[in-house]
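Worksheet for the structure shown next.
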Amino acid sequence: MRAIQKVAVIGAGTMGQGIAQVAASAGHEVVVFDINNASVKNAEAKHQALVARMVEKGKWTTETATAIFGKISYSNTLSDCKDSDLVIEAIVENLDVKQAVFADIEHLVSDTTILATNTSSLSVTAIANGCKNPSRVVGLHFFNPAPLMKLVELVPAVQTDPTVIHDAYKLMQQWGKTCVKAKDTPGFIVNRVARPFYGEAIRIYEEGIADPETIDTIMRQGGYRMGPFQLTDYIGHDVNYKVTSSVWEAFYYDERYKPSFTQKSLVDAGYLGKKSGKGFYTYPHTVVDVDYDKSLIEKVLYRINLMLINEAADAVFWNVATPTDIELAMTKGVNYPKGLLELANTVGIQTCVDMVDALYDRYRESRYRCSPILRDMAAQGQLFNL
Ligand SMILES: NC(=O)c1ccc[n+]([C@@H]2O[C@H](COP(=O)([O-])OP(=O)(O)OC[C@H]3O[C@@H](n4cnc5c(N)ncnc54)[C@H](O)[C@@H]3O)[C@@H](O)[C@H]2O)c1
């Protein structure tokens, strides 16, 4: 494995700040670069405030905090990144801008430096294609907040050299992350498999089966930390709608990923969720479980879980990742109570097939098509090997 000492983080926003902290905690010297000096200053101030808060709470000693954050320097001069062994880019989600930054940085650093992107929705292969040497470009998709979320999706581009994949994987393990390997396809693992958590919930609401409070209550009682409406309000409807739309477009408008009019209307109205004071809920909002007709469990929890299972199974079918990595991604990346393939095994594969087919028979939309892998497994009496 190549020696990785200095890490450059490009982009001093939410993700850049978190990733810099993770790299420094793992003992690396880190430089945080941003084109915007206000962002550089803001990142430094945010780190200092974090240190003050953690020391005051007694969670870190001053020595620990100094040892970690003393390793981080902040800059708006790109050449300060020149002697880095690993570059992690976390700038604005725009292909042209990312390609331009990679093209600038590849001439500064050594030939063996790994160039990683934290993109959530762009093709790593397309980003790599902006480089003279695309074989050292790889996706390292961290989750927010990066220091707390264990998962990192490692996404090789079509062009990535196997040694780069190997070294990036080993490094993420050294950093204490749960690293899963995902094919460079839209949404990678988490942002693909999780789509029905939002989409199916909104659909159930649009059909008038239950209101957001009830659906959220049922999902929380079904083991999810937050209900879908609570969660999308928290993420922000602008952000969630954009991810949904980009996954839908990237899948050539496959109906399964189609965004909803309900969420578009929220965005159009400026009801972006918690950050704007209103979304599905009006803020401040106290989360309370509401009483509901228990027959709704089947129409809400089982239906959403079923569509999540179908999506996870389809990701296995298309070789997006191994079953084990898909389970890890959904339990560590978005804290699902149980792996979806394990849930499929528990429910019974044939039962899953029958339930998806029943939805298809009712709606006649390709959104409700059963993944071929479930059908094959049911026919052969197989379970997912986890
Ligand atoms: N926020 C999340 O939950 C999340 C999670 C995973 C991945 N991501 C991805 O991480 C990346 C960054 O997201 P974020 O939420 O931290 O964004 P952000 O808006 O908080 O920060 C982006 C930063 O990039 C800087 N920037 C823009 N153009 C630049 C350039 N040419 N050179 C240097 N710096 C530049 C901006 O000044 C800004 O400080 C995106 O690709 C996003 O899709 C975000």
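Atoms within each ligand, like the ligands themselves, are counted from 1 in listed order.
- Although no hydrogens or angles enter the test, the distance criterion places no donor-acceptor pair under 3.5 Å between the side chain of Ser79 and the main chain of Thr77.
- Judged by distance alone, with hydrogens and angles left aside, the side-chain atoms of Glu153 form a donor-acceptor pair with the main-chain N or O of Val190 at under 3.5 Å.
- When each of Asp376, Asp314, Asn310 is checked for a side chain to side chain donor-acceptor pair (under 3.5 Å) with Ser371, only Asp314 meets the rule.
- Ring geometry for Tyr281 versus Tyr283: interplanar angle over 60°, hence perpendicular rather than tilted (30 to 60°).
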Would you tabulate the polar-atom pairs, meaning N/O of ligand 1 against N/O of the protein, with distances under 3.5 Å, reported to 0.1 Å?
from, atom 1, to, atom 2, distance (Å)
ligand 1, 8 (N), Ser120, OG, 3.2
ligand 1, 10 (O), Asn118, ND2, 3.0
ligand 1, 16 (O), Thr14, N, 3.3
ligand 1, 16 (O), Met15, N, 2.8
ligand 1, 20 (O), Thr14, N, 3.0
ligand 1, 20 (O), Thr14, OG1, 3.3
ligand 1, 34 (N), Ile35, N, 3.4
ligand 1, 37 (O), Asp34, OD1, 2.7
ligand 1, 37 (O), Asp34, OD2, 3.4
ligand 1, 37 (O), Ser39, OG, 3.4
ligand 1, 39 (O), Asp34, OD2, 2.7
ligand 1, 39 (O), Ser39, OG, 3.0
ligand 1, 41 (O), Ile91, O, 3.2
ligand 1, 41 (O), Glu93, OE1, 2.5
ligand 1, 41 (O), Lys98, NZ, 2.8
ligand 1, 43 (O), Glu93, OE1, 3.0
ligand 1, 43 (O), Ser120, OG, 3.0

Report, one line per pair, each donor and acceptor closer than 3.5 Å where one atom sits in a side chain of residues 323-346; sequence neighbours left out.
from, atom 1, to, atom 2, distance (Å)
Asp325, OD2, Lys181, N, 3.0
Glu327, OE1, Leu340, N, 3.1
Glu327, OE1, Leu341, N, 2.8
Glu327, OE2, Leu341, N, 3.4
Glu327, OE2, Glu342, N, 2.9
Thr331, OG1, Glu327, O, 2.8
Thr331, OG1, Leu328, O, 3.3
Lys338, NZ, Thr346, OG1, 3.4
Asn345, OD1, Phe384, N, 2.8
Asn345, ND2, Phe384, O, 2.9
Thr346, OG1, Glu342, O, 2.8

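- Atoms OH and CD, on Tyr257 and Glu311 in that order, are 3.5 Å from each other to the nearest 0.5 Å.
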